[in-house]
Asker: 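Below is one structure. I have some questions about it.
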2 protein chains.
Amino acid sequence: MAAQEQYEELARQLSALGAVKRGLSRALPHDCSPATAIMLNLLKRNGEMRMSRLGELLAIDASVTSRHVTHAAEHGWIDRQPDPLDKRSRLLSLTPSGELLLEEVSERYTHALAACLHDWSDDDVGHLIGLMKRLRESFGDCRPRALHAGTTTRTPV
Amino acid sequence: MAAQEQYEELARQLSALGAVKRGLSRALPHDCSPATAIMLNLLKRNGEMRMSRLGELLAIDASVTSRHVTHAAEHGWIDRQPDPLDKRSRLLSLTPSGELLLEEVSERYTHALAACLHDWSDDDVGHLIGLMKRLRESFGDCRPRALHAGTTTRTPV
DNA sequence: TATTGTTATACTCTATAACTATA
DNA sequence: TATAGTTATAGAGTATAACAATA
């Protein structure tokens with residue numbers, strides 16, 4: 001349990017972090033949004049997955065996932081194959097062109113962040129990432145929909 | 001200096017944190033946006049200030065600050081007085097009605113966060129806040145506009 | 001009946017640029 | 001000429017609700 005002032009400060013920092021996110025997105029290629037970059041990264045690291053799983057990892061609604069994926073598919077970065085086990089589903093995977101873009105993105109991100117975070121140690125960054133992850137988990141457990149709707153981020157019916 | 005994978009993970013967590021921010025905003029009264037809540041908090045803690053200063057603390061453009069403040073002023077939460085020292089400026093302060101709202105907001109925030117973060121220690125939360133602050137500062141120093149435009153967040157001319 | 005993914009629509013937050021009134 | 005604030009417009013990101021196809 002923490003003090004009340006801390007809670008308010010946490011809410012404030014959470015909002016102000018938007019500026020960092022926006023700044024980082026300026027390092028990306030023109031037609032590649034931050035959402036696209038993260039999708040490609042998730043597909044690279046976790047391999048083939050379904051729409052619903054991707055939306056869950058991105059913590060956004062299924063409708064938004066659909067739009068982002070469509071955008072990436074139209075650019076040829078993501079491939080959508082029908083799932084042989086469930087004809088309603090689609091299996092997403094990275095295309096070679098998507099891999100190329102991801103490499104470009106990684107390079108740019110690394111360059112931008114290395115410039116800003118030159119005085120951060122490996123441990124500092126790791127610590128921050130760990131705490132952010134934990135915050136998301138703590139918060140996710142509280143979302144009412146998560147309690148009975150399983151793992152999806154879908155709009156409740 | 002940190003490893004490349006860390007940078008990408010940092011970018012990902014930064015984006016995914018949006019869900020936490022949105023979840024938190026559901027705890028607020030209907031006509032009070034997160035931006036409004038934070039503005040009131042800043043005015044409470046830092047006292048009377050000008051538009052430009054507020055925009056700087058919120059890390060948003062002057063145009064956006066103007067809109068948020070107008071919204072709050074129309075609801076009677078913020079008072080805008082002409083600055084006697086500079087007729088172009090306006091001095092912002094919390095009204096009694098704004099203080100009341102802020103109390104309500106604090107209570108709700110505390111309630112919501114206490115429920116989610118019951119297993120976080122005071123130190124955990126403090127640590128996270130500190131790292132987020134530092135991230136903002138490290139990143140702020142890199143924004144090209146910040147290098148020559150002083151402290152403002154204003155759109156460069 | 002329930003679930004997967006899609007689409008149409010609307011909402012929030014933001015930046016850019018052009019403007020005014022002061023300095 | 002430069003600065004403080006305002007407004008109009010546009011863009012990115014998101015959620016909600018209604019829908020089709022499948023389970």
Side-chain angles (χ1 to χ4, degrees), chain A residues 14-23 25-26 28 30-39 49-56 58-71 73 80-92 143 145 148-157, chain B residues 14-19 21-23 25-26 28 30-39 49-56 58-71 73 80-92 143 145 149-157:
Chain A
L14 222 41
S15 265
L17 232 45
V20 174
K21 193 178 149 194
R22 286 192 299 280
S25 79
R26 283 192 208 109
L28 293 174
H30 179 63
D31 48 359
C32 175
S33 67
T36 299
I38 293 166
M39 280 196 309
M49 65 178 77
R50 310 204 303 183
M51 300 281 304
S52 52
R53 169 81 178 133
L54 183 60
E56 181 193 328
L58 289 167
I60 54 178
D61 190 82
S63 64
V64 184
T65 311
S66 181
R67 280 212 344 196
H68 284 321
V69 168
T70 299
H71 175 260
R80 288 186 284 196
Q81 288 296 321
D83 183 342
L85 297 176
D86 184 339
K87 285 179 188 161
R88 294 171 304 181
S89 290
R90 301 231 236 175
L91 290 174
L92 310 174
R143 280 182 313 167
R145 70 184 58 167
H148 34 69
T151 51
T152 47
T153 327
R154 190 181 191 73
T155 300
V157 186
Chain B
L14 222 41
S15 266
L17 233 45
K21 193 179 148 191
R22 286 192 299 280
S25 79
R26 282 191 210 111
L28 293 175
H30 179 61
D31 48 359
C32 175
S33 67
T36 298
I38 293 165
M39 280 196 309
M49 67 178 76
R50 310 204 303 183
M51 300 281 304
S52 51
R53 170 80 179 135
L54 183 61
E56 180 192 329
L58 290 168
I60 55 178
D61 191 81
S63 64
V64 184
T65 311
S66 180
R67 278 213 345 193
H68 285 321
V69 168
T70 298
H71 175 261
R80 288 186 284 197
Q81 288 295 323
D83 183 343
L85 297 176
D86 185 338
K87 284 179 190 163
R88 295 171 304 179
S89 290
R90 300 232 237 175
L91 291 174
L92 310 174
R143 281 183 312 167
R145 71 184 55 167
T151 52
T152 46
T153 328
R154 191 181 189 74
T155 301
V157 187

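All heavy atoms count here, side chains included; hydrogens, waters and symmetry mates do not. Here is how names work: the chains are called A, B, and so on, in the same order as the sequence lines, proteins then strands, and each is numbered from 1.
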Asker: Check the distance between D:dA8's P and B:Asp61's CG and give it to me in whole angstrom.
Answerer: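 Answer to the nearest Å: 16 Å.
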Asker: Report the residue (A:Arg90 or B:Leu85) whose heavy-atom-nearest nucleotide on DNA chain C is the more 5′ of the two.
Answerer: A:Arg90
Asker: In whole angstrom, what separates A:Met49's CE from C:dT4's P?
Answerer: 16 Å
Asker: In whole Å, I'd like the distance from the CG atom of A:Asp86 to the P atom of D:dA23.
Answerer: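 Atom CG in A:Asp86 sits about 5 Å away from atom P in D:dA23.
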Asker: Which nucleotide in the set C:dG5, C:dT14, D:dA15 lies at the smallest distance from any side-chain heavy atom of A:Met51?
Answerer: C:dG5
Asker: Could you say whether A:Arg88 or A:Ser63 is positioned toward the 5' end of DNA chain D, judged by the nucleotide with the nearest heavy atom to each?
Answerer: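 Final value for this comparison: A:Ser63.
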Asker: Which heavy atom of A:Thr65 sits nearest a heavy atom of A:Gly55, and at what distance?
Answerer: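 Shortest heavy-atom contact: OG1-CA, 3.3 Å.
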Asker: Base, sugar-phosphate, or nothing for A:Arg53, non-hydrogen atoms under 4.0 angstrom?
Answerer: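 Counting heavy atoms under 4.0 Å across all strands, no contact is made by A:Arg53.
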Asker: Would you mind telling me which of D:dA4, D:dT22, C:dA15 lies closest to the side-chain atoms of B:Arg50?
Answerer: D:dA4
Asker: Does any part of the side chain of A:Lys21, heavy atoms only, come nearer than 4.5 Å to the side chain of B:Leu17, both counted from C-beta?
Answerer: no
Asker: Can you measure A:Glu56 atom CD to C:dG5 atom C1' for me and round it to whole angstrom units?
Answerer: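 From A:Glu56 CD to C:dG5 C1': 16 Å.
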Asker: Would you say C:dT6 has OP1 or OP2 under 4.0 Å from some side-chain N or O of A:Thr70?
Answerer: no
Asker: Any base atoms under 4.0 Å from A:Ser25, or only sugar-phosphate, or nothing? Heavy atoms, all strands.
Answerer: nothing
Asker: Specify the closest pair of heavy atoms between B:Arg50 and B:Asp83, including all atoms of both residues, with the distance to one decimal.
Answerer: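 Smallest heavy-atom distance, with atoms named: CD-OD2, 3.7 Å.
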Asker: Which heavy-atom pair separates B:Asp31 from B:His71 by the least distance, and what is that distance?
Answerer: O-CE1, 3.3 Å
Asker: Tell me: CG of B:Leu58 to P of D:dG5, nearest whole Å?
Answerer: 13 Å
Asker: Looking only at the side chain of B:Arg67 (C-beta and beyond, no hydrogens), which of the listed nucleotides D:dG5, C:dT14, C:dG5 gets closest?
Answerer: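 From the listed options, C:dT14 comes nearest.
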Asker: Between A:Arg22 and C:dT16, does any side-chain N or O lie under 4.0 Å from OP1 or OP2?
Answerer: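 The answer is no; no side-chain N or O of A:Arg22 sits under 4.0 Å from OP1 or OP2.
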Asker: Once you apply a heavy-atom cut-off of 4.0 Å, does A:Asp83 come out as touching a base, just sugar-phosphate, or nothing?
Answerer: nothing
Asker: Would you call A:Glu56 and A:Arg53 a side-chain contact if the rule is heavy atoms closer than 4.5 Å?
Answerer: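 SC-SC contact between A:Glu56 and A:Arg53 confirmed.
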Asker: Would you say C:dT12 has OP1 or OP2 under 4.0 Å from some side-chain N or O of B:His68?
Answerer: no
Asker: Which nucleotide, D:dT14, C:dT22, C:dT4, lies nearest any side-chain atom of A:Ser89?
Answerer: C:dT4
Asker: Give the rounded distance in Å between these two atoms: CD1 of B:Ile60 and P of D:dT6.
Answerer: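 Checked: the CD1 to P distance equals 12 Å.
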Asker: Closest to the A:Ser52 side chain: C:dT22, C:dG5, C:dA15?
Answerer: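 The answer is C:dG5.
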Asker: Rounded to whole angstrom units, what separation is found between the CG atom of B:Leu54 and the C1' atom of D:dA4?
Answerer: 14 Å
Asker: Less than 4.5 Å apart, any side-chain heavy atom of B:Arg67 and any of B:Ile60?
Answerer: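 Not touching, per the 4.5 Å side-chain cut-off.
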Asker: B:Arg80 side chain N/O closer than 4.0 Å to the phosphate oxygens (OP1, OP2) of D:dT6?
Answerer: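 Yes, such a contact exists.
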Asker: Once you round it to whole Å, what is the distance between C1' of D:dA12 and NE2 of A:His71?
Answerer: 11 Å
